[in-house]
Enquirer: 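The structure under discussion is supplied below as structure tokens; questions concerning it will follow.
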Protein chains: 4
Amino acid sequence: MEAAVSRISREGPSDARQVRSRNALTGALLELLEEKPFDQLTIREISARAGTGYATFFRHYPTKEALLSDVASEEIADLLARTLPVLYDSNSFESTRALCGHVAEHRNLWAALLTGGAAGIVREEFIRQARQLPRDMVERKSWLPADLGVVYGTGGTIDLLAWWLSQDEAYSPEEIAAILNRLIIAPLISGERSPASA
Amino acid sequence: MEAAVSRISREGPSDARQVRSRNALTGALLELLEEKPFDQLTIREISARAGTGYATFFRHYPTKEALLSDVASEEIADLLARTLPVLYDSNSFESTRALCGHVAEHRNLWAALLTGGAAGIVREEFIRQARQLPRDMVERKSWLPADLGVVYGTGGTIDLLAWWLSQDEAYSPEEIAAILNRLIIAPLISGERSPASA
Amino acid sequence: MEAAVSRISREGPSDARQVRSRNALTGALLELLEEKPFDQLTIREISARAGTGYATFFRHYPTKEALLSDVASEEIADLLARTLPVLYDSNSFESTRALCGHVAEHRNLWAALLTGGAAGIVREEFIRQARQLPRDMVERKSWLPADLGVVYGTGGTIDLLAWWLSQDEAYSPEEIAAILNRLIIAPLISGERSPASA
Amino acid sequence: MEAAVSRISREGPSDARQVRSRNALTGALLELLEEKPFDQLTIREISARAGTGYATFFRHYPTKEALLSDVASEEIADLLARTLPVLYDSNSFESTRALCGHVAEHRNLWAALLTGGAAGIVREEFIRQARQLPRDMVERKSWLPADLGVVYGTGGTIDLLAWWLSQDEAYSPEEIAAILNRLIIAPLISGERSPASA
DNA sequence: CTCTAATCGAGACGGTACGTCGCGTCTTACG
DNA sequence: CGTAAGACGCGACGTACCGTCTCGATTAGAG
């Protein structure tokens with residue numbers, strides 16, 4: 001349950017009981033995400049694991065997905081803030097390595113979110129958030145629609161991270177950062193030349 | 001229902017009624033996939049749309065997912081056969097263009113599969129199949145784990161195609177092929193140089 | 001469960017499974033009515049006793065009360081047909097005795113319905129049905145509103161029967177018939193003279 | 001809310017706040033009883049109508065029924081004291097008329113109690129109290145079990161009053177008293193002759 | 001007139017039954 | 001006598017209300 005530790009009391013309702021219930025629920029979700037796919041979890045199961053009443057779940061979240069969102073969306077926003085800047089940054093490798101380092105530090109959390117069956121939902125939330133970010137700074141590529149750049153860069157990065165996290169720590173953050181840079185970042189920020197045409 | 005036309009009688013049981021039922025079910029699924037996400041469909045709904053009895057569904061498929069598989073897996077295998085070769089092909093642009101052309105010709109089918117809510121399942125099936133393909137031919141990159149190459153190449157390609165199919169035909173197959181080539185294929189087959197170090 | 005025996009297959013749906021389920025439910029209700037008040041029964045409890053699934057209950061009855069109605073309303077109509085005629089019959093004692101005899105023969109059923117906690121509902125259903133019966137035949141009493149005559153005659157009779165059935169068989173049908181006749185029937189059919197004023 | 005007026009401060013705790021809360025609750029119950037059946041009321045609804053907090057209800061009454069009891073049981077005892085004596089009184093008509101007059105004077109209260117959905121509970125409470133009254137004075141009828149006499153006399157009277165109160169004041173207390181006398185009282189106190197034999 | 005303790009409102013909580021829905025199985029009745 | 005229709009057992013859903021509980025914030029009424 002180390003993953004849940006970082007979730008305690010980020011901020012929330014004033015009533016201490018509500019805080020306790022919410023933390024119990026988010027913690028239970030993260031625990032269960034490491035055991036089975038998100039869509040095989042039932043609200044009853046999550047409530048039971050959290051030690052809260054079944055109806056209490058609905059006093060905090062309208063659906064299972066809302067709970068997942070609550071757990072994930074801040075993390076996603078946080079990670080996105082680390083992901084996109086690399087596109088505008090001349091020294092992208094440093095940013096990329098910082099991104100991978102951050103994920104490695106919260107390996108349990110991100111493994112649960114990206115490989116635990118909630119992957120599809122988390123991925124969509126990622127792209128949804130990424131699409132809403134301002135992207136004026138990035139220079140328009142004539143050959144690459146801006147929206148596609150965002151979708152592809154985000155999705156590809158997530159895929160790469162998910163693959164990494166499913167690999168039992170065989171690769172260091174630096175290695176992954178290098179791959180990420182070469183495989184995804186570089187093509188996106190490269191100039192107008194067509195590298196494949198050579 | 002044009003998408004379903006290509007699905008008629010690919011091969012199947014001898015009994016004409018079974019053939020009719022299967023086609024009715026696959027057709028109904030494709031119709032419904034254009035209306036709502038896959039996971040919001042019910043077997044009752046599919047049966048009703050197909051004009052068959054509810055229990056009849058189970059005589060042909062054990063689950064909803066099996067029906068989706070029946071609809072999609074051959075298409076996936078077919079498309080995969082067009083996707084992976086580009087990695088080994090020195091003239092990758094031609095292969096890529098052929099791939100995009102093929103998808104464009106079956107736009108309705110692929111739009112339903114990749115953007116209709118079944119996307120997650122189809123995507124996973126894609127990668128699952130891709131992973132099982134022999135990959136001896138591809139030269140090992142020192143910086144790129146082979147498995148990651150497959151996962152990333154497949155996933156990225158699907159994402160790109162999905163994005164394209166959700167764009168109301170604003171881009172031609174050639175344009176997409178160019179992007180695909182530059183964004184995904186080229187980085188995968190490029191040499192040992194470190195592009196980020198520049 | 002002798003009470004339920006008389007309920008088997010009175011008439012019903014053609015499907016044998018439906019017949020079986022309905023009989024299981026009616027039987028279970030009658031069993032449970034002898035154990036605790038109707039309003040303390042839950043549908044889950046009735047279903048469990050019947051050996052049917054919980055949802056199956058709702059495939060047959062919309063509410064607990066509907067099941068009670070199905071069990072009771074025919075019996076009520078039947079008994080009503082024996083109750084009201086005594087009012088128009090010159091030889092009322094014979095009719096009354098027949099009524100009491102009939103109730104005695106189905107003692108378990110009527111004890112459950114009239115003393116088992118469902119009493120209130122059954123009573124209201126009784127009066128509701130009685131009110132809808134034609135009453136042209138009965139001669140209007142100048143001192144007694146017709147509607148009141150029906151309500152009072154029905155309610156009083158039910159009360160008397162309920163009291164009897166709660167008495168551990170200490171009284172014979174004939175004794176009850178005599179009391180019923182003297183206490184309720186006679187005052188209702190007596191002439192214009194005021195018997196208490198003498 | 002005229003009905004509730006008579007309920008104010010009958011006696012109770014010293015603290016003015018408690019008195020206010022109790023009266024708010026009893027008043028709210030009586031209001032709501034005129035709108036819907038007792039068993040369809042929720043404690044939350046009663047509390048809200050009373051303008052008190054939800055938990056405050058439980059500080060005064062353990063259950064909904066207890067509140068109803070608090071509202072009704074004294075009234076019942078009072079009315080019973082007027083009902084039973086008529087049986088022992090040679091001049092029963094006077095007593096009966098007094099009874100009906102009293103009910104007419106508190107029409108709103110009794111209409112709510114006897115016709116408002118709480119009828120079943122109030123009725124049972126009535127009979128319960130009646131059964132516990134001493135009945136040595138009444139001469140035993142050879143043909144009529146004493147307990148039945150009480151149950152029947154009480155129940156019948158309540159039924160008659162309930163019917164009256166549901167009739168939009170079409171009958172005067174005197175008319176009802178006459179009917180009550182003739183229909184219920186007279187048969188109970190009549191001699192040994194068999195009135196049906198005529 | 002103050003102080004203190006009872007009472008208040010508000011509402012979250014663990015429970016439990018509700019009635020609905022979809023699943024996948026299995027039986028029925030019909031063609 | 002095989003197949004389409006659909007009833008069944010199961011179990012999760014989301015809602016509603018129960019009765020308990022913990023909070024401050026009034027607010028009597030005793031000193």
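These figures come from a predicted structure and were not determined experimentally.
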Enquirer: Rounded to whole angstrom units, what separation is found between the CG atom of A:Asp39 and the P atom of E:dC23?
Expert: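 Whole-Å distance recorded here is 15 Å.
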Enquirer: Roughly, in whole Å, what's the span from CG in C:Asn23 to P in F:dC8?
Expert: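 Those two atoms, CG and P, are 12 Å apart.
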Enquirer: Got a second to check how far B:Ser73's OG is from B:Glu125's CD, nearest 0.5 Å?
Expert: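 Here the interatomic distance stands at 6.0 Å.
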Enquirer: How close or far is atom C1' of F:dA16 from atom CD1 of D:Ile46, stated in whole angstroms?
Expert: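 Rounded to the whole Å, the gap is 15 Å.
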Enquirer: Would you please confirm or rule out a distance under 4.0 Å between OP1 or OP2 of F:dC8 and any side-chain N or O of C:Ser21?
Expert: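 Yes, because at least one side-chain N or O of C:Ser21 sits under 4.0 Å from OP1 or OP2 of F:dC8.
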Enquirer: Could you give the CD-to-P distance, from D:Gln40 to F:dC17, as a whole number of Å?
Expert: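 Between P of F:dC17 and CD of D:Gln40: 11 Å.
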Enquirer: Return the value, rounded to whole Å, for the distance between atom NZ of B:Lys64 and atom P of E:dC23.
Expert: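 Interatomic distance, NZ of B:Lys64 to P of E:dC23: 6 Å.
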Enquirer: So does C:Ile43 get a backbone contact from the side chain of C:Ser47, meaning a donor-acceptor N/O pair under 3.5 Å?
Expert: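 Judged by distance alone, yes, a pair lies under 3.5 Å.
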Enquirer: Using atom types as modelled and distance alone, determine if a side-chain donor or acceptor of C:Thr26 lies under 3.5 Å from a backbone N or O of C:Asn23.
Expert: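 The answer is yes, because a donor-acceptor pair under 3.5 Å joins these two groups.
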Enquirer: In terms of side-chain geometry, is the basic nitrogen of A:Glu45 or A:Lys64 positioned less than 4.0 Å from the acidic oxygen of its partner?
Expert: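 No, this pair does not count.
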Enquirer: Nearest to the side chain of D:Phe58, which nucleotide is it out of E:dT7, F:dG19, E:dT28?
Expert: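 For D:Phe58, the side-chain atoms sit closest to F:dG19.
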Enquirer: In terms of side-chain heavy atoms of B:Arg44, which of E:dC23, F:dA28, E:dG9 is nearest?
Expert: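 Out of E:dC23, F:dA28, E:dG9, the nucleotide with an atom closest to B:Arg44's side chain is E:dC23.
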Enquirer: Return the 5'-most residue of the pair A:Glu45, D:Pro62 with respect to DNA chain F, ranking by each residue's nearest nucleotide.
Expert: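 Its nearest nucleotide being more 5', the pick is A:Glu45.
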Enquirer: F:dC8, OP1 or OP2 - any side-chain N/O from C:His60 closer than 4.0 Å?
Expert: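 Result: yes.
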Enquirer: Look at the side chain of C:Arg17 and the base of E:dT28, then say whether one donor and one acceptor between them are separated by less than 3.5 Å.
Expert: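 No pair found.
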Enquirer: Select from D:Arg20 and B:Ile43 the residue whose nearest nucleotide in DNA chain E is closer to the 5' end of that strand.
Expert: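 This one resolves to D:Arg20.
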Enquirer: If you check every side-chain atom of A:Ala55, which of E:dC8, E:dC13, E:dG15 has the closest atom?
Expert: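 Given the options E:dC8, E:dC13, E:dG15, the side chain of A:Ala55 is closest to E:dG15.
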Enquirer: For D:Glu65 and F:dC18, what is the distance between atoms CD and P respectively, to the nearest whole Å?
Expert: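 Rounded to the whole Å, the gap is 10 Å.
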Enquirer: Nearest 0.5 Å please: distance from the CD atom of C:Gln18 over to the NE2 atom of C:His60.
Expert: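 Here the interatomic distance stands at 5.5 Å.
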Enquirer: Please say whether the positively charged group of C:Arg44, taken as NZ for Lys or CZ for Arg, lies over the ring of C:Phe57, i.e. under 6.0 angstrom from the six-membered ring centre and within 45 degrees of the axis.
Expert: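 That pair does not qualify as a cation-pi contact.
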Enquirer: For the base of E:dG22, is there a side-chain donor-acceptor partner from B:Tyr54 under 3.5 Å away?
Expert: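 Flag unset: no donor-acceptor pair detected.
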Enquirer: Spell out yes or no: do the side chain of D:Arg59 and the base of E:dA6 have one donor N/O and one acceptor N/O closer than 3.5 Å?
Expert: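 Check fails, no donor-acceptor contact within cut-off.
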Enquirer: Rounded to the nearest angstrom, tell me the gap between atom CG in A:Leu25 and atom P in E:dC13.
Expert: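 Taking CG of A:Leu25 and P of E:dC13, I get 9 Å after rounding.
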Enquirer: Mind checking B:Gly51 for me? I need base, sugar-phosphate or nothing, with any heavy atom below 4.0 Å counting as a touch.
Expert: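 Result for B:Gly51 = nothing.
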Enquirer: Quick check: on DNA chain E, is the nucleotide nearest B:Thr63 upstream (toward 5') of the one nearest C:Leu41, or the reverse? Name the residue that is more 5'.
Expert: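 Looking at the nearest nucleotide for each, C:Leu41 comes out on the 5' side.
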Enquirer: Just how far, in rounded Å, is C1' of F:dC17 from CZ of D:Phe38?
Expert: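 Checked: the CZ to C1' distance equals 14 Å.
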Enquirer: Using OP1 and OP2 only, check whether a side-chain N or O of B:Thr42 sits under 4.0 Å from E:dG22.
Expert: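 For E:dG22, OP1/OP2 do not have a side-chain N/O of B:Thr42 under 4.0 Å.
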